[in-house]
Amino acid sequence: MNAMPPRNRPVYLDNHATTPCDPRVVEAMLPWFNEKFGNPHSAEHRLGQEAEAAVEAAREAVATLIGAEAREIVLTSGATESNNIAIKGAARFAAAHDNPRRRIVTVATEHKCVLESVADLAAEGFEPVVLPVRPDGLLDLATLHAAVDEATLLVSVMAVNNEIGVTQDLAAIGRITKEAGALFHTDAAQAAGKIPLNVNALGIDLASISGHKLYGPKGVGALYVRRRPRARLAPLFSGGGQERGLRSGTLPAPLIVGFGEACQIAAAGMAEEAKRLTSLRDRLWSGLAAAIPGITLNGSSEARIPGNLNVTFPGRTAEALMRACPDLCVSTGSACSSAAVEPSYVLTALGLPPDAAARTLRLGLGRFTSEADVDYAVAALAAAHRGAEAA
Ligand SMILES: *Cc1c(COP(=O)(O)O)cnc(C)c1O
């Protein structure tokens, strides 16, 4: 039984899965759907030129967010596509240009689209190396150092983990990668707009970003591709040669305008929002810890983004907790395969046994999370947990 009163709208603490569009983003996008619907590649007339100018302004905003130049930004459909272009594109370019480097190094806790892209390259003669993480979710730098050599083409390590929120030491990873002469790719889908990210300071050659993880629309993203020295990629799509040949296809001007607006909003408010989220996150953690003795936090408590808690509950499964809290949107991070719910491979990589992984929830706070939302979540989860003990 759920002791909590019903609510008009669910409390949304799943901001790592996706974020709502900021109303300012929606506003900025609207004219580009019908009034100004031109194809940004139709350079011969005014409607096309207007759309092109809007796309280029957005590209500049995306670049500014990560300290890049506009011409280093390739617009894509999202981080999944960006990761595929970065990893497969780098490998296929190397193979086509007699570069003998064949090793591709990544980490066990990466997003599936990185892990699968790297794994797919084994069939093309590459050597995938998937490194373990420490129990706190961080990559051990000595382990990386030992794995990266003159045969290494690419190192792909995510900036912020989408389940446990830990932040990897990108500057150190960038240095180790550069020393070996390899390319450094980072999946920055959970980092961009949330924490400062400068591609030059961190030695990043390739970085993937997603619009819908930073209060922009779904279906748009970017790949940063370093120009000096140039990170060389083979395109995955054949077509009209848009995006300097790297990503053929008509650019979705409305989505791109929204993505640019989202990047600008995120950059302008980042420091203040990080403070606000840290305080909400701490309120959530202390509330839960007081109400539910024995809960544990997964992932480093220091090297993590403000808006994430990944919590293992004693004595009740995540599924049962979620069932008891229908007005709370949280998630397990588990992958539902055909029949069984499998434990999260990220938590498994941290060394959590399957039964602990099954008692774990990801709580993701965001721009529209209020103190009242946090207090509701604490009360709802505490009540759900007490229900378990009584049962
Ligand atoms: C969401 C996410 C992706 C996939 O991004 P899409 O834009 O939805 O394709 C990739 N990596 C990480 C870390 C993510 O959080």
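Residue indices begin at 1 and follow the sequence shown. For the numbers below, each heavy atom of this structure counts, side chains included, while hydrogens, waters and symmetry mates do not. First listed ligand is number 1; within each ligand, the first listed atom is number 1.
Close N/O approach between N162 and ligand 1 is not found [any backbone or side-chain N/O within under 3.5 Å]. The shortest N or O to N or O distance between H16 and ligand 1 is not under 3.5 Å. Between S210 and ligand 1, a contact under 3.5 Å exists for at least one N or O pair. Considering backbone and side-chain atoms together, S77 places no N or O closer than 3.5 Å to any N or O of ligand 1.
Tested against L144, the residues L131, D169, V107 include a single side chain to side chain contact (heavy atoms under 4.5 Å, CB included) partner, L131. Results of the side-chain hydrogen bond (donor to acceptor under 3.5 Å, both in side chains) test with H16 over K213, Q190, E163 single out Q190 as the only residue that passes. Applying the side-chain hydrogen bond (donor to acceptor under 3.5 Å, both in side chains) test between T360 and each of N310, T332, T312 identifies T312 as the sole match.
When only non-hydrogen protein atoms are considered, atom 2 (C) of ligand 1 lies nearest to K213 NZ, 2.4 Å. Here the heavy atom of the protein found nearest to atom 4 (C) of ligand 1 is T80 OG1, 3.4 Å.
The minimum heavy-atom distance between R367 and Y215, with the atom names listed, is N-OH, 2.7 Å.
No side-chain donor-acceptor contact under 3.5 Å links D282 and S279. Side-chain contact annotation: N83 with S117, donor-acceptor N/O pair under 3.5 Å absent.
Contacts of K218 with ligand 1, taken as heavy-atom pairs under 4.0 Å, are absent altogether. The part of D187 lying near ligand 1 is the side chain, judged by heavy-atom distances below 4.0 Å. With a 4.0 Å cut-off on non-hydrogen atoms, A189 touches ligand 1 through its side chain and not its backbone.
Using a 4.0 Å heavy-atom cutoff, H212 is listed among the residues neighbouring ligand 1.
Around the CD atom of E319, the shell of radius 6.0 Å holds no more than 12 heavy atoms that belong to other residues, nucleotides or ligands.
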